[in-house]
Amino acid sequence: MEHAVQEITFHHEPGGKEVVSKIIRTTVILSVITIIELGMGLGMYALPMAAGLKLFLKGVIVILSLAKAFYIVGVFMHLGEEVKNLIMTIVVPLLLFIWFIAAFLYEGNSWKNLRNTYNPKQAVSAPAAPHEAGEHH
Amino acid sequence: MATAQAHTETKWWSGGKSPFNVEYGKLMMWYFLMSDAFTFGAFLISYGTIRFSQNYWPDPNEVFNAFPLAGHANLPLAFVSLMTFILIVSSVTMVLAVHAGHNMDKKGVIKWMIWTVIGGIAFLACQAWEWTHLITGDHAVMINGQIENIGTTVTMNPWGPAANVAAHDGHHVGTPGPVAFGGYFFGITGFHGFHVASGVGINIVMLIMAINGTFERKGHYWMIEKAGLYWHFVDLVWVFVFLCFYLI
């Protein structure tokens with residue numbers, strides 16, 4: 001106990017009814033976002049639509065999921081109430097994900113394109129050895 | 001507001017106080033969760049890479065369209081929506097347990113922890129049903145000129161593009177889908193389910209400790225807070241599993 005007191009300089013006030021109403025508000029937000037996402041997912045299935053519009057809806061769903069993540073981490077996990085130092089040590093390393101996602105999805109797409117345009121006949125005939133006679137020693 | 005004022009004026013790094021203003025165990029829980037986020041992120045990004053490298057990928061609305069006791073009714077995404085709401089609700093009951101703990105309300109902690117454990121078990125039960133349905137649910141598929149009935153496993157699945165033939169009973173005949181589909185689905189939802197299962201275990205231990213009055217004697221309910229962080233993380237990961245496997 002003595003040790004723990006030194007680790008926490010400023011204690012959070014326990015909070016009363018306003019905390020519960022914040023939790024309820026966040027629950028409603030999360031549920032509504034999920035229902036919107038489901039509506040879009042089902043819309044892509046049920047309605048005929050152009051590939052571009054589908055891609056756009058998928059992008060919107062991704063952004064809505066990030067909003068859900070923000071509410072879960074910020075309100076339910078109380079990260080928003082922590083000291084800025086702590087928030088930064090958690091959030092800044094996660095920025096690496098931006099690069100990971102961009103690099104790997106680009107890689108996957110390039111892999112598909114290479115496979116689709118690969119021509120085995122061309123690949124076999126291309127490397128013709130120029131000095132075959134000189135190979136014997 | 002008084003604490004917010006104090007935060008901005010405090011020189012956190014000048015010594016004599018903890019710069020992160022949290023207890024050691026909670027800080028380490030945060031770092032564990034961050035590393036776990038990278039593990040899940042690596043799995044999901046690997047799934048995305050393979051999916052981007054394929055010319056054809058199954059439509060989740062066609063794969064996940066079953067509901068318990070609904071027979072062959074076409075109900076895309078219905079069951080997984082139920083699972084999502086179960087997990088969101090159990091996350092809410094967990095945050096209410098943490099809140100009760102802040103107010104040293106032993107009865108409240110016990111009540112909300114019981115609901116959280118029930119929610120976790122309900123989610124696992126749903127997942128068990130879903131896996132069973134996918135593995136045992138046969139679909140007619142054209143393989144080497146023969147029509148065979150296969151379910152979804154890590155080595156094969158029936159979710160490829162439709163074949164140009166119809167079975168004698170008029171059902172659709174498909175072709176085998178991308179092999180990676182089953183492996184990634186069972187691997188990632190399984191790893192998430194493992195987290196849910198261990199979370200339920202941790203929550204049961206917390207519940208027993210709360211009933212025994214361990215936290216009351218300690219003078220704080222910080223352990224509930226740490227278990228809560230883990231449980232919310234499980235919910236957070238589900239947001240992205242749900243996104244990557246079912247929605248897009």
A:Asn116 versus chain B, heavy atoms under 4.5 Å apart: side chain, backbone, both or neither? side chain
For A:Ser110, which atoms come within 4.5 Å of any heavy atom of chain B: side chain, backbone, both, or neither? neither
Proximity of residues 33-44 of chain A to chain B, residues having a non-hydrogen atom under 4.5 angstrom: A:Thr34, A:Ile35, A:Glu37, A:Leu38, A:Gly41, A:Leu42, A:Met44
Which residue out of B:Tyr31, B:Phe85, B:Phe38, B:Trp231 racks up the most heavy-atom pairs below 4.5 Å with chain A? B:Phe38
Is atom CZ of A:Phe70 surrounded by more than 12 heavy atoms (other residues, nucleotides or ligands) closer than 6.0 Å? no
A:Asn85 (side chain) donor-acceptor with B:Pro19 (main chain) under 3.5 angstrom: yes
More than 12 non-hydrogen atoms from neighbouring residues, nucleotides or ligands closer than 6.0 Å to CH2 on A:Trp99, yes or no? no
Which atoms of B:Asn74 approach chain A - backbone, side chain, both or neither, heavy atom under 4.5 Å: side chain
Heavy-atom proximity to chain A below 4.5 Å, by part of B:Leu44: neither
Could you look at A:Ile23 and say if it's the side chain, the backbone, both or neither that has a heavy atom under 4.5 Å from chain B? side chain
The test is side chain to side chain contact (heavy atoms under 4.5 Å, CB included); show your working for B:Ile45 and A:Phe97 and say whether it passes. CA-CA 9 Å; B:Ile45 291 169; A:Phe97 272 126; 3.9 Å; yes
Of the listed B:His232, B:His102, B:Met34, the one with the largest count of heavy-atom pairs under 4.5 Å with chain A is B:His232
Side chain, backbone, both or neither: which part of A:Ile72 has a heavy atom under 4.5 Å from chain B? side chain
When rounded to the nearest 0.5 angstrom, what distance separates CG in B:Leu229 from CZ in A:Phe76? 13.0 Å
Under a 4.5 Å cut-off applied to non-hydrogen side-chain atoms, are A:Phe104 and B:Ser46 in contact? no
Highest number of heavy-atom pairs under 4.5 Å with chain A among B:Thr84, B:Asn55, B:Ile88, B:Asp59 belongs to B:Asn55
Min side-chain heavy-atom separation B:Lys26-A:Glu82 under 4.5 Å: yes
To the nearest 0.5 Å, how far apart are CH2 in B:Trp12 and NZ in A:Lys84? 13.5 Å
What is the minimum heavy-atom distance between B:Ala37 and A:Leu94, and which atoms define it? CB-CD2, 4.4 Å
Run the side chain to side chain contact (heavy atoms under 4.5 Å, CB included) test on B:Val95 and A:His78 for me, step by step, so that the C-alpha distance in whole Å, both residues' side-chain angles and the decisive distance to 0.1 Å come before the verdict. CA-CA 9 Å; B:Val95 79; A:His78 303 291; 4.0 Å; yes
Which one wins on heavy-atom pair count under 4.5 Å against chain B: A:Leu30, A:Val62, A:Ile24? A:Val62
Contact origin within A:Lys58 toward chain B - heavy atom pairs under 4.5 Å: both
B:Leu247 versus chain A, the contacting section by heavy-atom distance below 4.5 Å: both
Using a cut-off of under 4.5 Å for heavy-atom pairs, which of A:Ile87, A:Leu114, A:Leu66, A:Leu79 has the most such pairs with chain B? A:Leu79
Do A:Met77 and B:Trp30 have side-chain heavy atoms sitting under 4.5 Å apart? yes
Relative to chain B, which segment of A:Leu64 carries a heavy atom at a distance below 4.5 Å: side chain, backbone, both, or neither? neither
Heavy-atom closest pair (A:Lys112 atom, B:Gln54 atom, distance to 0.1 Å) is CD-O, 3.5 Å
If you define the side chain from C-beta out and look only at heavy atoms, does anything of B:Phe52 sit under 4.5 Å from A:Glu107? no
Heavy-atom distance under 4.5 Å between the side chains of A:Thr89 and B:Phe20, does that happen here? yes
Counting only heavy atoms not in B:Trp57, do more than 12 fall under 6.0 Å of its CH2? yes
Can you tell me if OH on A:Tyr106 sees more than 12 non-hydrogen neighbours from other groups inside 6.0 Å? no
Using a cut-off of under 4.5 Å on heavy-atom pairs, state which of A:Ile101, A:Ile61, A:Ile90 scores highest against chain B. A:Ile90
So B:Phe233 and A:Val73, do their side chains get closer than 4.5 Å, heavy atoms only? no
Determine whether more than 12 heavy atoms belonging to other residues, nucleotides or ligands lie under 6.0 Å from atom CZ of B:Phe64. yes
Go through the atoms of B:Val98 and report whether side chain, backbone, both or neither lie under 4.5 Å from a heavy atom of chain A. side chain
What pair of heavy atoms forms the shortest contact from B:Leu243 to A:Ser65, and how long is it? CD1-OG, 3.5 Å
So for atom CE, which belongs to B:Met223, do other residues, nucleotides or ligands contribute more than 12 heavy atoms lying within a distance under 6.0 Å? no
Can you tell which part of B:Lys226 gets under 4.5 Å to a heavy atom of chain A, answering side chain, backbone, both or neither? neither
Is B:Glu225 close to chain A through its backbone or its side chain, or both, or neither, when contacts mean heavy atoms under 4.5 Å? neither
